[in-house]
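Below is one structure, written out as structure tokens, with a few remarks after it.
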Amino acid sequence: AGVKDDTFNVLDLAEYTKNRPWWRKIFAPNSGSSAEKYNVATQLVIGGVTGWCTGFIFQKVGKLAATAVGGGFFLLQIANHTGYIKVDWNLVQRDMDKAKQQLKFHSSGNKMPPEVKSRVDEAIIFLKKNVILTGGFAGGFLLGMAS
């Protein structure tokens, strides 16, 4: 009587999207550009509003992150100065040298990995298909950052 059935259903999103035409229509890579779906004013409004919201949130989160990082650095400097913590500067220098070497190694080829290149190509194709929407988003983003 006390037996518990711990079986779970696994949802495969790839199969789910294949069986849902509305999902494919909205999120499929070749679902068409917004220029085919909406008029210019609608595209500008959608892009502007989403851009403004993104810029506004980005500004608030950015201020919060900058305050947290700056405050944390300030507290660490006070703790180091008063003797609560000791910094092993030789270890810091060694880690920085390792990081510099890795950056030199990765940037020496100047070739993008294929997966990054394909994502960049997808983004460029999207931007070309949706120029008005993207322009509205960029303008709205800048306004959101300024407000």
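These figures come from a predicted structure and were not determined experimentally.
In the hydrophobic cluster analysis, where Ile, Leu, Val, Met, Phe, Trp and Tyr join through side-chain heavy atoms closer than 4.5 angstrom, F56 is grouped apart from L64.
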Exercise for review: Step by step, work out the side chain to side chain contact (heavy atoms under 4.5 Å, CB included) result for F73 and L76.
Suggested key: CA-CA 5 Å; F73 182 72; L76 284 174; 5.5 Å; no
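Qualifying side chain to side chain donor-acceptor pair (under 3.5 Å) partners for N90, counting only residues two or more places apart in sequence or in other chains: none. Scored by the side chain to side chain donor-acceptor pair (under 3.5 Å) test, S147 finds W52 as partners (sequence neighbours excluded). Residues passing the side chain to side chain donor-acceptor pair (under 3.5 Å) test with T54, sequence neighbours excluded: none. The salt bridge (Lys or Arg N to Asp or Glu O under 4.0 Å) test applied to K117 returns D121, not counting sequence neighbours.
Across all their heavy atoms, Q43 and I132 have their closest contact at OE1-CB, 3.6 Å. Considering all non-hydrogen atoms of both residues, N130 and T134 come closest at O-OG1, 2.7 Å. Nearest approach of M145 to Q59, heavy atoms of both residues: O-NE2, 3.3 Å.
Applying the ring pair (Phe, Tyr, Trp, His ring centres under 6.0 Å) rule to pairs touching residues 123-147 yields F58-F141, sequence neighbours excluded. Screening residues 66-86 for side chain to side chain donor-acceptor pair (under 3.5 Å) gives no qualifying pairs among residues at least two apart or on separate chains.
Side-chain contact of Q101 with D97: a donor-acceptor pair under 3.5 Å is absent, judged by distance alone.
How far OG1 of T42 is from CD1 of I46: 6.0 Å, rounded to the nearest 0.5 Å. Rounding to the nearest 0.5 Å gives a distance of 6.5 Å between CG of L133 and OG1 of T50. Taken to the nearest 0.5 Å, the CZ atom of R94 stands 14.5 Å off from the CH2 atom of W89.
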